[in-house]
2 protein chains.
Amino acid sequence: MTLDSLHTAGRCGAVSGVLSRIGDKWSVLIVMLLSTGPRRFSELKRAIGGISQRMLTLSLRGLERDGLVKRTVFPTVPPRVDYELTDLGRSLCEPVQAIGTWAFENYAEIERARARYDAG
Amino acid sequence: MTLDSLHTAGRCGAVSGVLSRIGDKWSVLIVMLLSTGPRRFSELKRAIGGISQRMLTLSLRGLERDGLVKRTVFPTVPPRVDYELTDLGRSLCEPVQAIGTWAFENYAEIERARARYDAG
DNA sequence: CCGGATCCCATCAGATACTG
DNA sequence: CAGTATCTGATGGGATCCGG
């Protein structure tokens, strides 16, 4: 994507919008967890560890609204709700993993840069 | 990156940290703009359009602190400050553009999903 | 021209308590 | 089990004024 094309046809807004969706504190973790298969609400909560019930609910609602996650309610007692990625959600995993790889490869250098900056 | 590896060796924290850096409202736009060459402060402000002076300063400071952007001050009158990507910053462009491409290709579908969700 | 300092408001996110 | 409701502190971000 060139700079010119970034500013045409709404690409700029598209990138911004997508990043504000996945750039929040939890969405990427949820998507990565779901990339290995469906999970129940409480499974996600346990697996993420540190997320509040409220934030998990809000994050899942957002992802569902954007068509990245599918929510299935089983009308049993006690209730059971499964979450799984849609095709769209799965297609997002690839570029997100690219970022993840970059992060892993360069995180140490970022830390060093921070230490240098804070020292100077 | 597998789910297991996500939870080992701090990858989880690395991904989260990188995404909270580039996931904010402006950083990606700045990085994309700088990917085509150095820019002055006021050039960035004009090019982005809608960013406040304060947020541009804060964003640039953050990117500089993380070693993604290099800041060069020319001791002239009036003062002139150039910003450019470091090698690290340039290496980030690639995965970010992958996200950008995905965003452009799928933004319409996300919009449709939202409309459907909000209607139902 | 670049940007620091301050004020102020809107939104966010955690904790807690309650419900079908 | 899977949420919702409410309160509260934290954070984000714009506007404005000021200085080198």
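What's counted below: heavy atoms across the whole structure, side chains too, no hydrogens, waters or symmetry copies. Naming convention: chains lettered A, B, ... in sequence-line order (proteins, then strands); numbering from 1 in each chain.
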Q: Among the nucleotides C:dG14, C:dC2, D:dA2, which one has an atom lying closest to any side-chain atom of B:R40?
A: C:dC2
Q: Expressed as a whole number of angstroms, how long is the span from B:I51:CD1 to D:dA15:C1'?
A: 15 Å
Q: Any side-chain N or O of B:K25 less than 4.0 Å from the OP1 or OP2 oxygen of D:dG14?
A: yes
Q: Please determine if A:R21 and A:D66 form a salt bridge, counting it only when a charged side-chain N lies under 4.0 Å from a carboxylate O.
A: yes
Q: Assess, by modelled atom type and distance only, whether the side chains of B:R39 and B:T36 contain a donor and an acceptor separated by less than 3.5 Å.
A: yes
Q: What N/O pairs connect the protein and nucleotides 3-11 of chain C at under 3.5 Å? Give each pair on its own line.
A:
residue : atom : partner : partner atom : Å
C:dG3   : OP1  : B:R71   : NE           : 2.9
C:dG3   : OP1  : B:R71   : NH2          : 2.5
C:dG3   : OP1  : B:Y83   : OH           : 2.9
C:dG3   : OP2  : B:Y83   : OH           : 2.8
C:dG3   : N7   : B:Q53   : OE1          : 3.2
C:dG3   : N7   : B:Q53   : NE2          : 3.0
C:dG4   : OP1  : B:R61   : NH2          : 2.6

Q: Would you say B:E94 has more than 12 foreign heavy atoms packed within less than 6.0 Å of its CD?
A: no
Q: Going by side chain to side chain donor-acceptor pair (under 3.5 Å), name the residues that satisfy it together with B:R46, two or more places apart in sequence or in a different chain.
A: none
Q: Do other residues, nucleotides or ligands put more than 12 heavy atoms under 6.0 Å from A:E43 CD?
A: yes
Q: Between A:L58 and B:S42, which has a closest nucleotide on DNA chain C that is more 5'?
A: B:S42
Q: Is A:D118 salt-bridged to B:R65, going by a charged N under 4.0 Å from an acidic O?
A: yes
Q: So is B:R80 actually on top of B:F74's ring, under 6.0 Å and inside 45° of the axis?
A: yes
Q: For the pair made of CE in B:M55 and C1' in D:dA15, what is the distance, rounded to whole Å?
A: 13 Å
Q: Provide, to the nearest angstrom, the distance between the CG atom belonging to A:D24 and the P atom belonging to C:dG14.
A: 11 Å
Q: Rounded to the nearest 0.5 Å, what's the gap from CD1 on A:I22 to CD1 on B:I99? Could you check?
A: 4.0 Å
Q: Can you see if the side chain of B:K45 gets near the phosphate of C:dC1 - specifically, an N or O under 4.0 Å from OP1 or OP2?
A: no
Q: Can you tell me the distance, in whole Å, between the CG atom of B:L56 and the P atom of D:dG12?
A: 17 Å
Q: Is a donor from one side chain sitting under 3.5 angstrom from an acceptor on the other, for A:Y83 and A:R71?
A: yes
Q: Could you tell me, to 10°, how much the axis swings from one end of the helix from C:dC1-D:dG20 to C:dG20-D:dC1 to the other, five pairs per end?
A: 40°
Q: How long is the line joining CD of A:E43 and P of D:dC1, in whole Å?
A: 11 Å
Q: Tell me whether the side-chain N/O atoms of B:S52 come closer than 4.0 Å to OP1 or OP2 in D:dA15.
A: no
